[in-house]
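What follows is a single structure, written as C-alpha cells, with notes after it.
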Amino acid sequence: MFNLESALQKNADKRPGMPLVMGVLNVTPDSFSDGGQFENINTIEKRVVQMLSEGVDIIDVGGESTRPGADEVSVDIELQRVIPVIELIKQKFDIPVSIDTYKPEVMRQAVQAGADIVNDVNALQEPGAIELVAETKVYACLMHKQGSPKNMQKAPSYQNVVKDVAEFLLGRVKACLEAGIEQNKLILDPGFGFGKTLEHNTALFADLSELVETNYPVLVGVSRKRMIAEILDEAPVEQRVFGSVAAATLAGLKGAKIVRVHDVGSTVESLRVTSYLL
Ligand code: 8Y7
C-alpha cells in the first residue's frame, strides 16, 4: 500500500525541500498537450516506462479533459479509458497511481483497479465522492476551482483570492473529516488556472505559504498552463516547458509537496540540481 508520508519523508532525505513529481498521463483524445497521442495501450505503456526512467513519483491517470472549454464525457467512456490503464500500470510497475476524476463511480472502479489517490478537481463535492474516499481509505487531493471547465475562464472573480481559496479548501477538509476521512489522507491544491486570471494565479503563487502552513501537503499544477503562456507572451504549448519547469521548481521551494507536470524528466533534473545546490 502506498504511504504518502513515508514517500515524502524518503524524498525529503534524498532531495531536501523538494516535492514529489506527479506525471500526467492523459488518456483522452482531446487533451490539449498530449492530444491523440495515446490511442492504444502500447503507446501508454511506453509513456509510463519513459516517465519511470525520468524519475516520476506518482502517475496521474485522467480520462476526461478538464482544460478550459472542454466537453464532459460519460462515465462509461471515462471508465473504458482509464481502468485498463490503471490495471496495466499496477500489474507491470511499482508506482503509485492517482485517478483524475470527479465522478464517484469512476473513483470506485479506479480504486478497485489499484489507484492510491483520488485527484478530484471538484474537491469531492459530487454526491457519494466523500463516502467513497472514506470507505476505501485512499488519499484525496482537494482542488479549488471556480465554475466548471466549460465556463470557468469567462469572468473569474474573488473578494480576496488567497483567502477565498483557503477558506473553501479548509471547508472541504472539515466536511471530509466529519465524513470519517483520516486527516493524513488529505492533500490541498489551489487549482491554478481553474477560474482564475493571471492576477489570481500570481497572488495564489505568491501566498502559497497560506496553504503550506495548514500542514496539509500542498499539490501545485501549473504545467503548460495558460498562465505560463501569458507570462511568456503567448508562448504556444510546445514552448512552455522551461517556464513550467521554473514554476514547478519555485513551487517546491515555496513548500509544495507534490508538483503535477507533463515534462517529468526536465522537472526532475531541475529539482535535483536545485535541491543539491540549495
Ligand atoms: C490540475 C489537475 C488539471 C491541477 C490537480 C491541466 C487534473 C488541466 N490541472 N489536478 N488536473 N491540480 N490536482 O492543464 O492543477 O493539466 S487538468
Side-chain angles (χ1 to χ4, degrees), residues 4 19-28 30-35 37-38 57-73 78 81-82 96-103 106-107 110 115-126 129 133 138-150 152-153 156 165 168-169 172 185-196 198 200-201 204-205 208 211 216-230 235-238 240-241 243-244 247-248 251-252 256-264 267:
L4 178 62
L20 297 172
V21 174
M22 172 185 275
V24 177
L25 188 64
N26 282 318
V27 202
T28 58
D30 64 344
S31 304
F32 78 94
S33 40
D34 293 309
Q37 277 178 27
F38 297 141
D57 296 296
I58 301 164
I59 294 183
D60 189 41
V61 177
E64 174 180 14
S65 175
T66 33
R67 76 193 157 87
D71 287 320
E72 293 182 14
V73 303
E78 203 175 324
R81 289 176 182 173
V82 299
V97 166
S98 65
I99 173 67
D100 158 19
T101 190
Y102 60 87
K103 300 187 182 87
V106 178
M107 292 175 191
D116 304 276
I117 304 172
V118 167
N119 176 26
D120 186 359
V121 299
N122 200 34
L124 305 181
Q125 291 179 105
E126 203 72 14
V133 169
V138 289
Y139 290 88
C141 179
L142 307 173
M143 198 196 80
H144 173 276
K145 68 173 164 51
Q146 186 176 89
S148 65
K150 262 251 171 278
M152 65 192 178
Q153 288 307 103
V165 166
F168 169 81
L169 290 175
R172 296 307 299 151
K185 294 286 162 66
L186 295 173
I187 301 160
L188 305 186
D189 183 342
F192 287 101
F194 283 81
K196 283 133 190 145
L198 177 58
H200 296 140
N201 290 317
L204 286 166
F205 215 104
L208 199 67
L211 290 182
Y216 287 96
V218 171
L219 187 154
V220 164
V222 288
S223 182
R224 300 186 186 175
K225 283 186 178 170
R226 273 220 52 77
M227 62 181 281
I228 304 292
E230 287 174 90
V237 73
E238 65 279 3
R240 297 179 196 169
V241 178
S244 299
K257 293 290 193 284
I258 306 173
V259 289
R260 180 180 178 277
V261 307
H262 298 84
D263 305 288
V264 171
T267 307

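All values below come from the heavy atoms of this structure, side chains included, with hydrogens, waters and symmetry mates left out. When a ligand or atom number is given, it counts from 1 through the structure's own listing order. Throughout, residue positions are numbered sequentially from 1 according to the sequence presented.
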Hey, which atoms in ligand 1 end up nearer than 4.0 Å to a heavy atom of F194?
->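 Answer, ordered by atom number: 1 (C), 3 (C), 9 (N), 17 (S).
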
What atoms of ligand 1 come closer than 4.0 angstrom to any heavy atom of G221?
->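 Matching atoms, with element in brackets: 15 (O).
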
Any nitrogen or oxygen of [X], main chain or side chain, under 3.5 Å from a nitrogen or oxygen of ligand 1?
X    : answer
K225 : yes
F192 : no
R260 : yes
D60  : no
N119 : yes

If you measure from CD on Q153 to CZ on F194, what distance do you get to the nearest 0.5 Å?
->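 Those atoms lie 9.0 Å apart.
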
Hey, are K103 and E78 close enough for a salt bridge, meaning a charged N less than 4.0 Å from a carboxylate O?
->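 Salt bridge: yes.
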
K150/E72 ion pair, N-O < 4.0 Å |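 E72 and K150: not salt-bridged.
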
For ligand 1, the portion of L219 having any non-hydrogen atom under 4.0 Å away |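 It is the side chain that gets close, since no backbone atom is under 4.0 Å.
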
Would you call the rings of F192 and F205 parallel, tilted or perpendicular if under 30° counts as parallel and over 60° as perpendicular?
->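 Correct class here is tilted.
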
Counting heavy atoms only, which of D189, D100, V259 comes nearest to atom 13 (N) of ligand 1?
->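 Ranked by closest heavy atom to atom 13 (N) of ligand 1, first place is D189.
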
Any donor and acceptor pair, going by atom type alone, linking the side chain of S223 with main-chain N or O of H262 inside 3.5 Å?
->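 Yes, because the side chain of S223 sits within donor-acceptor range (under 3.5 Å) of the backbone of H262.
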
Short question: side chain of K145, backbone of N122 - any donor-acceptor pair under 3.5 Å?
->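 Not confirmed, K145 side chain does not pair with N122 backbone.
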
Under 4.0 angstrom from ligand 1, any heavy atom of C141?
->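 Per 4.0 Å heavy-atom rule, C141 contacts ligand 1.
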
Taking atom types as modelled, is there a side-chain donor on N119 or D100 under 3.5 Å from an acceptor on the other?
->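 N119 vs D100: no donor-acceptor pair found between side chains.
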
